[in-house]
Amino acid sequence: MEKSLNFIEQIVEDDLAAGVNDGRIQTRFPPEPNGYLHIGHAKAVCIDFGIAERYNGTCNLRFDDTNPVKEDVEYVDSIMEDIKWLGYKWNNVYYASDYFQQLWDLAVRFINEGKAYVDEQSSEIIAQQKGTPTVAGTESPYRNRSVQENLDLFMKMSAGEIPDGKMVLRAKIDMASPNMHFRDPILYRVITTHPHHRTGYTWKVYPMYDFAHGQSDYFEGVTHSICTLEFVVHRPLYDWFIDQFKETEYRPKQIEFNRLNITYTVMSKRKMLQLVQEGLVSGWDDPRMPTLCGLRRRGYSPESIHNFIDKIGYTKVEGIIDLGLLEHAVREELNKTSTRVSAVINPVKLIITNYPEGKTEMMEAVNNPEDENSGTHTIAFTRELWMEREDFMEEAPKKFFRMTPGQEVRLKSAYIVKCTGCKKDEDGNITEVYAEYDPLTKSGMPDANRKVKGTLHWLSAAHSLPAEVRLYDRLFSVENPSADERDFRELINPGSLEVKTNCYVEEYLKDAQPLDRFQFQRIGYFNVDSDSTAEKLVFNRTVSLKDSWAKEQNK
RNA sequence: UGUCCUAUAGCGUAAUGGUAGCGCAGCAGAUUCUGGAUCUGUUAGUCUAGGUUCGAGCCCUGGUAGGACAACCA
């Protein structure tokens with residue numbers, strides 16, 4: 001069945017059908033370069049670029065760089081990298097700063113037309129005069145200066161003769177408007193003390209968002225300006241500005257969708273910056289972060305992000321997505337694509353007492369049972385093995401289908417073995433587990449088809465590589481940190497990172513490179529961290545496998 | 001003198017005036033050399049009161065609830 005259109009696609013198709021803009025479709029992705037892109041931005045990237053792709057239009061990348069105080073090239077670079085990683089190509093890269101001259105000219109035009117004035121009150125006074133949502137504002141005493149005086153003052157502002165914060169250019173609209181954004185919004189402010197990342201100290205005045213965004217859309221020929229719901233109240237002003245100077249029937253149309261929220265995380269650049277600056281995470285690319293670079297380092301593939309975005313949809317309803325859905329999206333994709341390997345995270349020795357000492361057999365391991373073209377690789381089997389400590393219980397409940405005295409289990413890709421006992425130290429800790437193998441049950445042999453309840457993964461002690469494994473979990477311990485009255489930093493999950501240093505992986509992973517993704521059989525999906533070296537392999541857990549045994553135990 | 005947006009199972013999302021579906025989560029079972037994957041079954045929903053209509057989740061009105069807007073941020 002054809003997937004139904006979301007409301008944005010519906011609007012675009014309606015416009016196409018009506019012949020709006022002669023069938024031309026143009027969108028833009030307009031990030032402010034003041035932070036790293038996160039999964040919420042990915043949702044926006046996918047609709048902006050996706051609409052252009054689907055309807056044979058163009059999508060440009062435009063940096064909304066109108067506030068030099070917060071912006072930096074570091075962010076420009078990372079944003080471009082992340083968009084490319086998601087698999088999109090922009091038509092052009094633009095910057096709002098490309099339009100500073102045009103916008104300034106427009107501001108002068110507004111002054112000449114009596115639609116803008118220079119206010120020299122403090123920001124506090126201006127805020128007071130703005131009124132409140134239920135109380136009308138009052139007019140500035142500077143509101144009715146002459147055009148010439150306004151022009152002179154704006155020239156002084158622009159020449160750097162006015163200190164920061166002393167004067168602003170405001171639109172003259174309606175201080176009593178029920179829409180707060182019409183109460184003489186600020187158009188330009190003076191910033192002389194911060195260099196702009198592209199224009200340096202050339203400009204002394206910078207346009208505000210409302211005077212830059214819609215105008216930039218117009219200058220570029222954007223037809224559908226897609227953004228998030230918090231800009232709904234800006235739309236009348238967006239339209240009003242364009243009405244003041246548009247020269248033809250063309251106009252960009254702003255459409256707003258619900259921003260992405262996910263349980264157990266935060267989706268605010270401000271909070272992410274705080275986490276980074278206060279060292280609560282290791283950086284913007286900490287694998288616990290919802291940033292795209294964080295998810296990438298965690299092991300998420302671009303396909304898994306797309307898979308997730310496809311599932312959540314675009315509407316105008318504000319909600320919160322279950323983190324489980326994101327995890328499902330990545331599992332679904334990695335299940336189809338990742339090579340299965342063996343790794344033991346919490347090792348204990350397993351001795352096959354009737355297996356000859358010194359003997360080594362190379363067993364054939366299927367790379368991916370979900371992909372018949374994925375082939376096989378070999379894994380060494382010997383008398384002394386590593387197994388997971390959790391896979392042995394001296395006294396086990398009935399439903400424990402693993403290693404326990406007297407019970408048979410299958411060693412994946414090798415033999416069926418029967419547990420015979422274990423050895424403990426004086427504190428009662430299990431130091432070795434013993435089992436006997438059945439030589440006729442090697443994988444592929446007829447007897448290997450015997451029904452055995454459990455299958456365990458294992459590693460030859462003499463043939464395994466030491467590794468560090470970082471087990472990541474949700475960053476916050478409450479579902480919705482943003483809705484909690486406590487400071488979000490107090491809500492960080494203390495178990496969000498568990499480092500396991502005493503792990504082993506099979507030799508097949510000897511040459512694994514950073515970002516390579518694998519399934520550690522029976523455990524989860526893991527990828528190689530950027531900290532990994534040939535001497536010391538480091539893996540990150542992307543997500544665990546679904547674990548119905550754990551669920552059973554929690555009952 | 002407030003304006004605007006929104007309301008469909010626990011969560012997300014369809015149904016474009018004509019049988020309320022789907023995904024995730026949950027539950028039960030089958031199957032499996034990963035307690036994975038896969039397959040089957042299953043629990044559970046139109047905020048409320050009116051109106052229009054042969055017929056309303058959808059259109060209209062009033063409630064109710066949630067949210068956005070009062071940065072020299074975007």
Side-chain angles (χ1 to χ4, degrees), chain A residues 1 3-6 10 30-32 34 64-67 69-71 96 119 122-123 126-128 130-137 164-170 176-183 186-191 205-206 208-210 212-213 227 229-236 256 258 263 269-270 310-329 331-332 335-336 340 342 366 369-370 399-402 410-414 416 441 443-444 448-450 452-457 519-524 544-552:
Chain A
M1 201 184 93
K3 202 182 171 194
S4 53
L5 301 177
N6 65 47
Q10 189 64 60
E32 185 189 12
N34 68 342
D64 246 339
D65 57 349
T66 56
N67 184 6
V69 177
K70 292 185 175 173
E71 295 152 8
D119 198 337
S122 70
S123 59
I126 291 176
Q128 273 173 28
K130 211 143 216 183
T132 71
T134 51
V135 177
D164 294 20
K166 291 296 177 198
M167 288 185 192
V168 289
L169 183 71
R170 300 177 71 180
S177 171
N179 183 328
M180 297 291 293
H181 297 281
F182 277 81
R183 320 243 268 223
I186 292 172
L187 267 28
Y188 267 87
R189 74 289 216 186
V190 177
I191 300 175
V205 290
Y206 290 89
M208 298 289 288
Y209 168 84
D210 282 311
H213 194 93
C227 60
L229 246 24
E230 64 266 32
F231 294 101
V232 168
V233 282
H234 292 252
R235 183 171 5 108
E256 312 87 8
N258 58 342
T263 54
K269 275 198 270 189
R270 199 197 94 244
D310 282 346
K311 288 178 196 293
I312 61 176
Y314 295 82
T315 67
K316 300 179 82 145
V317 188
E318 294 168 290
I320 185 162
I321 306 274
D322 191 338
L323 175 63
L325 189 60
L326 177 63
E327 295 184 335
H328 171 261
R331 282 194 193 102
E332 187 173 62
N335 176 48
K336 287 186 281 195
R340 272 61 171 173
S342 292
V366 174
E370 305 294 320
K399 284 186 171 174
F400 186 79
F401 306 137
R402 305 184 186 184
R410 185 188 303 279
L411 295 182
K412 177 84 184 168
S413 314
I416 294 172
T441 60
S443 289
N449 294 328
R450 202 157 78 212
V452 181
K453 272 287 191 184
T455 301
L456 305 187
H457 62 280
Q519 186 198 89
F520 286 1
Q521 216 140 201
R522 297 213 304 135
I523 304 175
S544 64
L545 248 33
K546 286 205 333 199
D547 188 348
S548 55
W549 168 241
K551 198 183 279 178
E552 180 74 27

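Here is how names work: the chains are called A, B, and so on, in the same order as the sequence lines, proteins then strands, and each is numbered from 1.
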ask   = Does A:Lys316 put a side-chain nitrogen or oxygen below 4.0 Å from OP1 or OP2 of B:C4?
value = no

request  = Could you please name the option among B:U1, B:G35, B:U34 that lies closest to any side-chain atom of A:Gln521?
outcome  = B:U34

message = In whole Å, measure the gap between the P atoms of B:A25 and B:G17 for me.
response = 33 Å

Heavy-atom check, side chain of A:Asn258 versus side chain of A:Lys316, under 4.5 Å = no

inquiry  = Dot-bracket for RNA chain B, please. Rules: Watson-Crick or G-U, both distances under 3.5 Å, ( ) within the strand, [ ] when a pair crosses earlier ones, | for another strand, . otherwise.
reply    = .((((((..((((....[..)))).(((((.......)))))....(((((..]....))))))))))).....

ask   = Is it true that A:Lys70 and A:Glu32 have a side-chain N and a carboxylate O under 4.0 angstrom from each other?
value = no

task = Please confirm whether any donor atom in the side chain of A:Arg402 sits under 3.5 Å from an acceptor in the base of B:G35, or the reverse.
result = yes

key: Student check: side-chain heavy atoms of A:Arg340 and A:Glu370 closer than 4.5 Å   = yes

inquiry  = How close do A:Ile416 and A:Ala448 get, counting heavy atoms only, and between which atoms?
reply    = CD1-O, 4.2 Å

key: Contact letters for nucleotides 65-74 of chain B, in which S counts primed atoms plus P, OP1 and OP2 and B counts the base, heavy atoms under 4.0 Å   = --SBSBSBSB

inquiry  = Any non-hydrogen side-chain atom of A:Val205 less than 4.5 Å from a side-chain atom of A:Leu169?
reply    = no

remark   = note: A:Leu326, atom CG; B:C11, atom C1'; distance rounded to Å ~ 14 Å

ask   = Heavy atoms, side chains only, cut-off 4.5 Å: are A:Lys412 and A:Ser342 in contact?
value = no

request  = Would you classify A:Thr263 as touching base, sugar-phosphate or nothing, given that sugar-phosphate means primed atoms plus P, OP1 and OP2, and contacts are heavy atoms under 4.0 Å?
outcome  = nothing

request  = Tell me whether the OP1 or OP2 atom of B:U1 has a side-chain N or O from A:Thr134 closer than 4.0 Å.
outcome  = no

query = When rounded to the nearest Å, what value does the distance between P atoms of B:U61 and B:G12 take?
reply = 27 Å

task = Taking the side chain as every heavy atom from C-beta outward, state whether A:Leu545 and A:Gln519 have any pair of such atoms under 4.5 Å apart.
result = yes

message = Looking at A:Arg183 and A:Ser177, would you say the former's side chain and the latter's main chain have a donor-acceptor pair under 3.5 Å?
response = yes

ask   = Between A:Phe231 and A:His213, is any pair of side-chain heavy atoms under 4.5 Å apart?
value = no

Pairwise 5' ranking along RNA chain B for A:His328 and A:Ser413, keeping only the more 5' one = A:His328

query = Does A:Lys311 make a side-chain N or O approach to OP1 or OP2 of B:C22 shorter than 4.0 Å?
reply = no

query = Across the strands shown, which category fits A:Asn258 at heavy-atom distances under 4.0 angstrom: base, sugar-phosphate, nothing?
reply = sugar-phosphate

task = Rounded off to whole Å, could you give me the NZ-to-C1' distance for the A:Lys412 and B:G35 pair?
result = 13 Å

request  = Walk me through it: do A:Arg170 and A:Ile126 pass the test side chain to side chain contact (heavy atoms under 4.5 Å, CB included)?
outcome  = CA-CA 10 Å; A:Arg170 300 177 71 180; A:Ile126 291 176; 3.9 Å; yes

Contact check, side chains of A:His181 and A:Val233, non-hydrogen atoms, under 4.5 Å = yes

key: By salt bridge (charged side-chain N to carboxylate O under 4.0 Å, His left out) - contacts of A:Glu230 (at least two apart)   = A:Arg259

query = Between A:Ile312 (CD1) and B:G12 (C1'), how many Å, whole number?
reply = 9 Å

ask   = Distance between the P atoms of B:A15 and B:C69, in whole angstroms?
value = 29 Å

note = From CZ of A:Arg183 across to C1' of B:G2 the rounded distance in Å is 8 Å

ask   = Looking at residues at least two apart in the chain, or sitting in another chain, which of them share a salt bridge (charged side-chain N to carboxylate O under 4.0 Å, His left out) with A:Glu332?
value = A:Lys311

Any protein N or O atoms within reach of nucleotides 46-48 of chain B? Criterion: under 3.5 Å, listing atom names and distances.
none

query = If we take the C1' atom in both B:A14 and B:C24, what is their distance in whole Å?
reply = 15 Å

remark   = Counting primed atoms, P, OP1 and OP2 as sugar-phosphate and everything else as base, the B/S/- map of nucleotides 56-63 of chain B against protein heavy atoms under 4.0 Å is --------

message = Could you tell me how far apart A:Leu545 (CG) and B:G36 (P) are, to the nearest whole angstrom?
response = 8 Å

task = Measure the shortest side-chain to side-chain distance between A:Leu326 and A:Ile321 over non-hydrogen atoms and say whether it is less than 4.5 angstrom.
result = no

key: Minimum-distance pair of heavy atoms, taken over all atoms of A:Ala96 and A:Asp64   = CB-OD1, 3.8 Å

message = By the 4.0 Å heavy-atom rule, please label A:Ile320 as base, sugar-phosphate, or nothing.
response = sugar-phosphate

message = Whole angstroms only, please: what is the CG-P distance between A:Asp310 and B:C24?
response = 14 Å

message = Using a 4.0 Å heavy-atom cut-off, does A:Phe400 contact any base of the nucleic acid, only the sugar-phosphate backbone, or nothing at all?
response = base

message = On the nucleotide B:G36, are OP1 or OP2 found under 4.0 Å from the side-chain N or O atoms that A:Ser548 carries?
response = yes

inquiry  = Rounded to whole Å, how long is the line connecting atom CD of A:Glu327 with atom C1' of B:G12?
reply    = 16 Å

task = Grab the CZ-P distance between A:Phe401 and B:U34 for me, whole Å please.
result = 14 Å

message = Can you give me the closest heavy-atom contact between A:Thr263 and A:Leu323, atom names plus distance?
response = OG1-N, 2.8 Å

ask   = What about A:Glu332: does its side chain form a donor-acceptor pair under 3.5 Å with the base of B:G23?
value = no

ask   = Is a donor-acceptor contact shorter than 3.5 angstrom present between the side chain of A:Gln519 and the base of B:U34?
value = yes

query = Just to confirm, is there a sub-4.0 Å distance from OP1 or OP2 of B:G36 to any side-chain nitrogen or oxygen of A:Arg331?
reply = no

ask   = Where each residue is assigned the nucleotide of RNA chain B containing its nearest heavy atom, which of A:Lys399 and A:Gly319 is assigned the position nearer the 5′ end?
value = A:Gly319

